Amino acid sequence: MNHWLFKSEPETFGIDDLAARADRTEPWDGVRNYQVRNMLRDDIRPGDRIFFYHSNCKVPGVVGLAEVASPPRPDPTAFDPEAKYFDPKSDPDRPRWYLVDVRYIRHLKRTITLAELKQYADGPLEDLPLVRKGNRLSIMPLTETQWNFILALE
DNA sequence: GCCAACGTTGGC
DNA sequence: GCCAACGTTGGC
């Protein structure tokens, strides 16, 4: 089982939105970055654990736990001309973009803020892209050690 | 294949 | 709202 951090803007789709969904599950659509696509397609598997992270908001940080609830499959929003993330270069015979379903597990008791995580940028979290300057990955892997370290801060 | 222009991300 | 960092696009 692998560990991941998924970013989402709470004003668009936050942890409360996920918890309110039917089956507490939502397709993680709209990824349009090749590095992230490769992770979705090749490395992210059902049962993997997810830190749900709120970005682009007042207090960015890890706010909850979720899990991967499906194998990867083509992102249907890429085929839909009406969709915000429509990509004419992706077609069902040769899909360019992928997604997985994400299922809510629980809220953290408190937000573990980015500011707090950055305190460990020269220590236990030095290899975590999240705390490095200029990182723009919306999904990133964590080692089990990084995962356990962050969760222990709760 | 280079690289300038442009668009997006996301912290602050 | 600003802007640094980065990815993508497209002319050459």
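Quick caveat: nothing in here was measured; it's all calculated off a predicted structure. Note on naming: letters A, B, ... go to the chains in the order of the sequence lines (proteins, then strands), and numbering restarts at 1 for each one.
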Let me know the distance between NZ of A:Lys7 and P of B:dT9, rounded to the nearest Å. 11 Å

Can you tell me if A:Tyr53 touches the phosphate of B:dG11, counting only side-chain N or O atoms and a distance under 4.0 Å to OP1 or OP2? yes

Picking from B:dG10, C:dG7, B:dG11, which would you name as closest to the side chain of A:Pro60? B:dG11

On DNA chain C, does the nearest nucleotide to A:Asn56 precede the nearest nucleotide to A:Tyr34 from the 5' side, or the other way round? Give the residue. A:Asn56

Within this structure, what is the CZ-to-P distance between A:Phe6 and B:dT9, rounded to whole angstrom? 17 Å

So A:Tyr120 and A:Phe149, would you call those rings parallel, tilted or perpendicular, with 30° and 60° as cut-offs? perpendicular

Give me the one residue out of A:Trp28, A:Tyr53, A:Phe13 that meets ring pair (Phe, Tyr, Trp, His ring centres under 6.0 Å) with A:Phe6. A:Trp28

Measure the distance from CG on A:Asn135 to P on B:dG10 and round it to the nearest whole Å. 7 Å

Let me know the distance between CZ of A:Arg37 and P of C:dG7, rounded to the nearest Å. 15 Å

Among A:Pro27, A:Ser70, A:Pro46, which one satisfies side-chain contact (heavy atoms from CB on, under 4.5 Å) with A:Val100? A:Ser70

Using atom CG of A:Asp87 as one end and atom C1' of C:dG7 as the other, report the distance to the nearest whole Å. 14 Å

When rounded to whole Å, the CG to C1' distance for the pair A:Leu5 and B:dT9 reads 15 Å

Just call it for A:Lys118: base, sugar-phosphate, or nothing, with non-hydrogen atoms closer than 4.0 Å on any strand. sugar-phosphate

Return the value, rounded to whole Å, for the distance between atom NZ of A:Lys133 and atom C1' of B:dC12. 12 Å

Whole-Å distance, A:His54 NE2 to B:dT9 C1', equals 17 Å

Whether the side chain of A:Arg24 engages the backbone of A:Leu18 through a donor-acceptor N/O pair (distance < 3.5 Å, no angle test) should be reported. no

